[in-house]
J.: 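Have a look at this one.
In what follows, chains carry the letters A, B, and so on, assigned in the order in which the sequence lines appear, proteins first and then strands, with residues in each chain numbered from 1.
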Number of protein chains: 2
Amino acid sequence: MSMNSAQAKRVTVSDIAAGCGVSRATVSLVLRESPLVHADTRARVQAEIVRQGYVYHRGAASLRRGTSNAVALVLNDLSNPFFAEFAGGVDAVLAEAGYVMLLGSTGESPQRQQAVLASLIEHDPAALILSPAEHSEPARLQRLLGTRMPVLVFNRALGDDEPGDGWDFLALDNRNGARMATEHLLAQGHRAIAFFGGHRDSSSCSERRAGYRDALAAAGIEPDPQWLVECAPTRLEATRQTGALFARDPAPTAAVCYNDAVALGLIGGLAARGRQAGRDFAVVGFDDIPEAAVSTPPLSTIAVAPRERGMQAARLILARLRGDSDLPRRIVAPVQLRVRASSVVAPTLSNGASA
Amino acid sequence: MSMNSAQAKRVTVSDIAAGCGVSRATVSLVLRESPLVHADTRARVQAEIVRQGYVYHRGAASLRRGTSNAVALVLNDLSNPFFAEFAGGVDAVLAEAGYVMLLGSTGESPQRQQAVLASLIEHDPAALILSPAEHSEPARLQRLLGTRMPVLVFNRALGDDEPGDGWDFLALDNRNGARMATEHLLAQGHRAIAFFGGHRDSSSCSERRAGYRDALAAAGIEPDPQWLVECAPTRLEATRQTGALFARDPAPTAAVCYNDAVALGLIGGLAARGRQAGRDFAVVGFDDIPEAAVSTPPLSTIAVAPRERGMQAARLILARLRGDSDLPRRIVAPVQLRVRASSVVAPTLSNGASA
DNA sequence: CTGAAAGCGCTTACAG
DNA sequence: CTGAAAGCGCTTACAG
């Protein structure tokens, strides 16, 4: 005998049936809450179920019935609060609906993504919610996942040919969010507005840049190349790259940042150069992470409500599983501008203080 | 026909067997990488598997073999970065070992915990890692989970009678961490040191308070009741409660905080009263959340390495599943003091500045 | 309302 | 090395 867990033999429907003198079919009907069973019989069976500590084996039932009540969720990175919140929202809705969540994460690696998905689909999930790793290959994914399972792609488009393959798509309105952020800065009189951070080849960054350009174009402004500064989407890199904004005169007086991490890094970088966000320079972030509300100064940003997105994704996939008709294939979730102190500063003030 | 996903019939071992003229048993042996199959046959079968897009049905295999390669993880709250990081660590190790993770969250509610666990165990996980909700009832949990499955309790003890029930237990060394934090403040000359935040009846808070008392006692100091301030473990509440520290003279000159959120809230509360952490008052947190390194001033804290704890938990439970002998039943994970600017200030300076 | 029988997709002795 | 048969725990027509 190993040190393994106690090996008490599993209690099955047969044990319950034998224990109270009915057939296995009757026990099954009681388990599935069928009205066909006499109330007395049902009570007897239920008592026996409690007495013997029976645990329903949903895998066996799913096998027989050809159904599944698991949904797979595959994310890039759980330690990113955006995805953690999203997963929390998915979980809340799935649990409410009696589903169970199979979770995997890819660390932004397409290879790991293939491996993780291959492992998860062997557990026969009813559906998949996938936030794809950067540089995923849609064709490989399609081959792996087949067409038996509804798939909802979250956050990042898989390729230009979407959504011809019948997968659902839920994304943030990156373009509109960046446009709103830029318009907010324009409304305060800024004309030289940078777009700071992110990598141009990521889809969310290029969408946000597009919204930024939209707003500038509507105001008749052509962005100076110096205003477009790339950097890894981390606080540290943003602090390091701050100098690039001020390499030549006239420097921008405000920046729309790729995300809040970058914005907070920029605020630090500004401080190191003797400038203060919200007094000498206007900063807007993107995401509304918890820290944004309590940083110094509080950070203006675009709220994306990741938990609500998770709930929305789960509801959509459940509706797809029910076979609801008229479901949208593509949802672009609205985002919201939250104005805080970091962006409430006019450009003249900024020029004066930074001279 | 509903709008549901394409209903292509499932490909099974029988289809593969028929497709290349062997028996189902042979296909099964190929799937399980048995050396009993001739290399040519194996190649033929594998080609057919690819050709037909066969997906292994692990549920059916588990049913037949009486095994499972899923591990359930039940947490209080995914949106808490501590638990999200922990889950990431668990996932990394499980995926590496070919296991799949079933995730549920309880929102600190014992009722939801019972429901979530009941739903998850129907999926026959091989093991469970549980971070119990506050006020869990060990007896009810025990009844629900039975003894068939190894269980690892993380982070919070379930009751004083543990671990008589054969469950594993992994916790942070809360007591020692708080002791180190307190000793660090003592070493700089502080004598009037508060323990700020948390609720006395939570086990982690009472352990941390015990460590704090240990250090004070070793220095011959009896804590003044005014030094023990309770508050909800959030930044906002901590800011609100800051005044309680200074209700009477002499006020403390330093504080060990229940966690980093509380410590950051305290720093804000101090600022609102014209005091600056790291100049007029010394603050130490607990957790080392990412924000601690970049707050103003950077926060001294006790690093608990949640991702590493997750990896450790997963490794332990996998070893238990393998039936390794000599596994410890109770692990108290070491924590580490990280000194940053918020605590590097001597008490005399503090008194001077706050007069 | 209840029971006997077949079958979901897989694996595993047991013969050959 | 391969094949026929039984069985994991459940559900579902089909008779009674």
J.: Check this for me, if you would: do B:Arg10 and A:Asp124 make a salt bridge, where the nitrogen-to-carboxylate-oxygen distance has to be below 4.0 angstrom?
T.: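 Judged by the 4.0 Å cut-off on N to carboxylate O distance, B:Arg10 and A:Asp124 do form a salt bridge.
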
J.: From CZ of A:Arg148 over to C1' of C:dC8, roughly how many Å is that when rounded to an integer?
T.: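 Checked: the CZ to C1' distance equals 12 Å.
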
J.: Look at the side-chain N and O atoms of B:Arg32 and state whether any lies under 4.0 Å from the OP1 or OP2 oxygen of C:dT11.
T.: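 True: B:Arg32 side-chain N/O within range (under 4.0 Å) of C:dT11 OP1/OP2.
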
J.: So, are B:Arg320 and B:Asp168 salt-bridged, with charged N and O less than 4.0 Å apart?
T.: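 The answer is yes: the pair qualifies as a salt bridge.
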
J.: Using heavy-atom distances to pick each residue's nearest nucleotide on DNA chain C, tell me which of B:Arg58 and A:Val37 is more 5'.
T.: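 Nearer the 5' end of the strand: A:Val37.
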
J.: Rounding to an integer number of Å, can you tell me how far B:Arg24 CZ sits from D:dG7 P?
T.: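 To the nearest whole Å, that distance equals 14 Å.
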
J.: When the distance from CZ of B:Arg65 to P of D:dG9 is rounded to whole Å, what number comes out?
T.: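 Going from CZ in B:Arg65 over to P in D:dG9 covers 15 Å.
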
J.: Do the side chains of A:Arg315 and A:Glu308 get close enough for a salt bridge, i.e. N-O under 4.0 angstrom?
T.: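 Looking at A:Glu308 together with A:Arg315, the answer is no, because their closest N to O distance does not fall below 4.0 Å.
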
J.: Mind checking who D:dG3 pairs with, Watson-Crick or G-U wobble, both distances under 3.5 Å?
T.: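 By the stated definition (distances under 3.5 Å), C:dC14 pairs with D:dG3.
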
J.: Rounding to a whole Å, what distance do you find between B:Arg44:CZ and D:dC1:P?
T.: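 After rounding, the gap between these two atoms is 14 Å.
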
J.: Looking at A:Thr26, I'd like to know whether one of its side-chain N or O atoms comes within less than 4.0 Å of OP1 or OP2 on C:dG3.
T.: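 For C:dG3, OP1/OP2 do have a side-chain N/O of A:Thr26 under 4.0 Å.
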
J.: Start at the 5' end of DNA chain D and walk down; is the nucleotide closest to A:Tyr56 or to B:Val22 reached first?
T.: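 That would be B:Val22.
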
J.: DNA chain D: A:Ala60 or A:Leu29, which has the more 5' nearest nucleotide?
T.: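 Nearest nucleotide further toward 5': that of A:Ala60.
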
J.: Which nucleotide in the set D:dG9, D:dT12, C:dT2 lies at the smallest distance from any side-chain heavy atom of A:Ser28?
T.: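 Given the options D:dG9, D:dT12, C:dT2, the side chain of A:Ser28 is closest to D:dT12.
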
J.: To the nearest angstrom, how far is B:Ile49 atom CD1 from C:dG9 atom P?
T.: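 So the CD1-P distance, B:Ile49 to C:dG9, works out to 16 Å.
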
J.: Would you say A:Glu108 and A:Asn76 are linked by a side-chain donor-acceptor pair, where the criterion is simply a distance under 3.5 Å?
T.: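 The criterion, which ignores hydrogens and geometry beyond distance, is satisfied for A:Glu108 and A:Asn76.
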
J.: Looking at the side chain of B:His57, which of C:dG9, D:dT11, D:dC10 is the nearest nucleotide?
T.: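 Ranking C:dG9, D:dT11, D:dC10 by closest atom to the B:His57 side chain puts C:dG9 first.
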
J.: Which nucleotide in the set D:dG3, C:dT2, D:dC10 lies at the smallest distance from any side-chain heavy atom of B:Ala25?
T.: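 Looking only at side-chain atoms, B:Ala25 lies closest to D:dG3.
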
J.: Report the nucleotide, chosen from D:dT2, D:dC10, C:dT2, that has the shortest atom-to-atom distance to any side-chain atom of A:His38.
T.: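 The answer is C:dT2.
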
J.: Donor-acceptor check, side chain of A:Ser119 to backbone of A:Ala115, threshold 3.5 angstrom: yes or no?
T.: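 Absent.
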
J.: Side-chain N or O of B:Arg64 versus OP1/OP2 of C:dG9: is the shortest distance under 4.0 Å?
T.: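 For C:dG9, OP1/OP2 do not have a side-chain N/O of B:Arg64 under 4.0 Å.
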
J.: D:dC1 P sits how many Å from B:Arg42 CZ, rounded?
T.: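 The distance from CZ of B:Arg42 to P of D:dC1 comes to 9 Å, rounded to the nearest Å.
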
J.: To the nearest Å, give me how far apart CG (A:Leu63) and C1' (D:dC8) are.
T.: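 Atom CG in A:Leu63 sits about 9 Å away from atom C1' in D:dC8.
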
J.: When we call it a touch if two heavy atoms are under 4.0 Å apart, what does A:Thr41 touch: a base, just sugar-phosphate, or nothing?
T.: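 Contact class for A:Thr41: sugar-phosphate only.
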
J.: Please give, in whole Å, the distance from D:dG9 C1' to A:Asp15 CG?
T.: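 Rounding to the nearest Å, CG of A:Asp15 and C1' of D:dG9 are 11 Å apart.
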
J.: I want to verify a distance call: between C:dT2, C:dT12, D:dC10, whose nearest atom is closest to the A:Leu36 side chain?
T.: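 When the side chain of A:Leu36 is considered, C:dT2 is the closest of C:dT2, C:dT12, D:dC10.
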
J.: Establish, with yes or no, whether the OP1 or OP2 oxygen of D:dC8 is under 4.0 angstrom from a side-chain nitrogen or oxygen of A:Thr12.
T.: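 False: A:Thr12 side-chain N/O out of range (4.0 Å or more) of D:dC8 OP1/OP2.
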
J.: Is there side-chain contact between A:Phe154 and A:Arg309, with heavy atoms separated by less than 4.5 Å?
T.: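 Side-chain contact under 4.5 Å: yes.
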
J.: Let's see if you can work this out: which of C:dT2, C:dC10, D:dG3 has an atom nearest to the side-chain heavy atoms of B:Ser23?
T.: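 The answer is D:dG3.
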
